[in-house]
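Taking it in order: structure first as structure tokens, then the write-up.
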Number of protein chains: 2
Amino acid sequence: MKKISLKTIANELGVSSATVSLVLNGKDKNGRVSKDLSEKILAKAADLNYVPNTLAKSLKVGKSKTIGLIIADISNLFFGALALHIQTFAQQKGYTVLIGNTNEKLSEMEHMVNFLLARQVDGFIITPTEKSDNLLKRLNNSNIPLVLVDRTFPELNINSVLINNYEISYKSTELLINKGCKNIGIVTYKQDHFHVNERRRGAVDALKNAGIFNPDNVEEVRYEYLREDISAAIYKMINRNPKVDGIFFTTNSISINGVKALIKNDIFVQKDIQIMCFDENDAFYILPYAVPFIKQPIKEMARTAIDLLIAQIEGDNKTETVILEAELVEKEKVVNQ
Amino acid sequence: MKKISLKTIANELGVSSATVSLVLNGKDKNGRVSKDLSEKILAKAADLNYVPNTLAKSLKVGKSKTIGLIIADISNLFFGALALHIQTFAQQKGYTVLIGNTNEKLSEMEHMVNFLLARQVDGFIITPTEKSDNLLKRLNNSNIPLVLVDRTFPELNINSVLINNYEISYKSTELLINKGCKNIGIVTYKQDHFHVNERRRGAVDALKNAGIFNPDNVEEVRYEYLREDISAAIYKMINRNPKVDGIFFTTNSISINGVKALIKNDIFVQKDIQIMCFDENDAFYILPYAVPFIKQPIKEMARTAIDLLIAQIEGDNKTETVILEAELVEKEKVVNQ
DNA sequence: GAAATAAGGTTAATCGATTAATTACAAATT
DNA sequence: AATTTGTAATTAATCGATTAACCTTATTTC
């Protein structure tokens, strides 16, 4: 069972493969191919179960209609949802998405970039790792369409889709303050990510403006040792004097692990300690108490990123940074058990 | 800034592109290319930042070193983790993974198959949708390497990686029985999936053997109306007479939505009603009570699927069905609040 | 009736990389 | 001296599809 190519069809019908190509691409109007032959070709293609070779086409036309998506870790709920939506929108516009994971490592990001370049992607959507600014600068200088999502390097002037990290974090921290917390902790990454830093800055500013900021209450954890570091951070916070009575978590992975750690330490969440989490999690809906969280407009982020990227691919060359608004969700306590 | 090809390097050095190709592929031993020239070529390639065109290579050699992964929905935790591990193992073996979502729709699965075939994937890993047996049969007959994961069509004789759905479900249901439940419900899909049916069969058999099976306690929900149907199912179960005192959920999405519905209805989970869930969920770790669940060996499933597939791609042609063992996790109550 | 236009095709180059077959020497072997 | 072997490179066909340019023949137009 050998592969069916344009030539196979052409030969069986005794015509040239050029004609077959024209018909199969719908370019047989304006008297290029007779109605009669068109139909014969279409029928034969269907009959033979012809599947075009996209590789050959891409090679010839110099566009692959493929987008490289580079994210940290596809099994993370945030990135998984982002990837799903990006794929859906891309598909609607006729593009395929190749997904690469970096695991937050620069070397893996570098590898994925080269790998995807070799596969002739027409553009990139990237959630860049720490210290990837040089790599991004190189990419950007080579003029390949590029959009950053979730994170950015402001000094680099690359298209970016972000949320209002500072503002939403400020506002969310205010909520904790308004609930009466006097000694609020922040758990954030040690890593240097613009978006995480903005969240931290927002929280810190809210505390400062309320006159209750205490630098000792900021705990930094490492991505590679998330569980251990968060456990330690929580332990410190609850054994400090005075004990922390509110915590702002700056990312989804920190949030969920933070909550786990609190519970492990027999802390009565939302009673002993008020918390504020980043990103939605199924878990928050089944806890016996309300967990307020910051909900990112993932679908909109995906749509905007795809729109920006495809505009670039199709020739637009202005640089844009789109800031979408995250939402503070304070759902009521679901049950009383 | 035009693209750098083999020819660019060849021209700049005044040699043929064949020589450059040999060197860049490490085929310059056995006196094919002089050490001197080899080094010059390597240096020039690095200097020009040469990135090979994988499309051209694939076209020529007839292999794309690409695997098509077709799953239901990448934002689902189970599939997300599966995809991540499949990608990792594939990459280790030099393969790229193209991911497609079906949203459990046959038409979308059909589309993804053709789409990936057009992109010349060397093989498929698929979690097939309902009623996709004909499509799979066609694929299998066309001799393209193919491995099913999570689900299968036993009558089709296609390589499959599964878990011991029947046994683990039987055993898990026994646990509910041993806990003293006398009136156990099952919430499962209306859809006709072999793996889900096996789970259901396992649970039913356990109940029958204990002499407490009641067909009225089996509720079927639709994938497209999961929330609504589960709400309704739970409502029925808790208002039935006698009220259900234990529930077996057959998939992860059913489990998490089932728990949500229970809590919404003010049911004291693990007190009023014992439950048994499929698949791990962060949520289970932060609930104030122990939720036993069935943990699938996702990483092993991924590894096995990749191994089977690559064996096929490389010429092996025996058909195998690998059954991995799922684990019943009964973690102790984490906290007492 | 000559020139222009339209209809319905085909030819052949091309995208970038691979590789079997070939060439051209130089050195070694008989 | 003739032949074989080894080293170092090139030539040219090929993968499958696209498309500008070209070629026929038939039909209009002036």
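Throughout, protein chains are lettered first and strands after them, A, B, ... in sequence-line order, and every chain is numbered starting at 1. Note that the structure is a prediction, hence the values are computed from the model and not measured.
- For the pair B:K40 NZ and D:dA8 C1', the computed distance is 13 Å after rounding to whole Å.
- Residue B:R32 has its side chain nearest to D:dA9 when only C:dG16, C:dT10, D:dA9 are considered.
- Of the side-chain N and O atoms in B:N25, one or more sit less than 4.0 angstrom from OP1 or OP2 of C:dT18.
- If you check every strand for non-hydrogen atoms under 4.0 Å, B:S34 touches sugar and phosphate atoms only.
- For B:V15, counting side-chain heavy atoms from C-beta on, the closest listed nucleotide (D:dT10, C:dT10, C:dG16) is D:dT10.
- A:R119 and B:T96 share a side-chain donor-acceptor pair at under 3.5 Å.
- What separates NZ of B:K57 from P of C:dT19 is a distance of 7 Å, to the nearest Å.
- Residue B:Y50 places at least one side-chain N or O under 4.0 Å from the OP1 or OP2 atom of C:dA17.
- Atom CG in B:L24 sits about 13 Å away from atom C1' in C:dG16, given to the nearest Å.
- Among the protein residues, A:V20 comes within range of no part of the nucleic acid, since none of its heavy atoms lies under 4.0 Å from any strand.
- B:K7 is not listed as a side-chain neighbour of B:V20, based on a closest heavy-atom distance of 4.5 Å or more.
- Of the possible polar contacts, one joining the B:R151 side chain to the B:P128 backbone as a donor-acceptor pair under 3.5 Å is found.
- A donor-acceptor distance shorter than 3.5 angstrom exists from the side chain of A:E130 to the backbone of A:D192, with no hydrogens or angles considered.
- Phosphate contact (OP1/OP2 of C:dT14, side-chain N/O of A:K60, threshold under 4.0 Å): absent.
- What separates CZ of B:R119 from C1' of D:dC15 is a distance of 18 Å, to the nearest Å.
- Atom C1' of nucleotide C:dA20 and atom CG of B:L22 are separated by 11 Å, given to the nearest angstrom.
- Contact annotation: A:S5 side-chain N/O to D:dG16 OP1/OP2 distance is not under 4.0 Å.
- Looking at heavy-atom distances under 4.0 Å, B:L55 makes no contact with the nucleic acid at all.
- The two residues B:N157 and B:N140 have their closest heavy-atom pair at O-ND2, 3.7 Å.
- Atom-to-atom, CG of A:D28 to C1' of D:dT19 comes out at 15 Å; the value is rounded to the nearest Å.
- B:Q312 and B:E320 are not linked by any side-chain donor-acceptor pair at a separation below 3.5 angstrom, with hydrogens and angles left out of the test.
- Side-chain N/O atoms of B:K27 include one lying less than 4.0 angstrom from OP1 or OP2 on C:dT19.
- Atoms CG (B:N53) and P (D:dC15) sit 18 Å apart, rounded to a whole Å.
- Within the helix from C:dG1-D:dC30 to C:dT30-D:dA1, the inter-axis angle between the opening and closing five-pair segments is 60°, rounded to 10°.
- For the 3.5 Å distance criterion, the side chains of B:S38 and B:D28 qualify, holding a donor opposite an acceptor.
- Within the 4.0 Å cut-off from OP1 or OP2 of C:dT10, at least one side-chain nitrogen or oxygen of A:T19 is found.
- Counting any heavy atom pair closer than 4.0 Å across all strands shown, A:S21 reaches a base atom.
- OP1 and OP2 of C:dG16 both lie 4.0 Å or more from every side-chain N or O belonging to B:K7.
- Annotation: of the two residues near DNA chain D, A:L59 and B:A18, the 5′-most nearest-nucleotide partner is B:A18.
- A:K3 places its NZ atom 19 Å from the P atom of D:dT14, with the value rounded to the nearest Å.
- Residue-level contact check: B:L37 touches the backbone only, with heavy atoms under 4.0 Å from sugar-phosphate atoms and none from bases.
- Residue B:S75 is tested with A:L84, A:L82, A:L77 for a side chain to side chain contact (heavy atoms under 4.5 Å, CB included); the sole match is A:L84.
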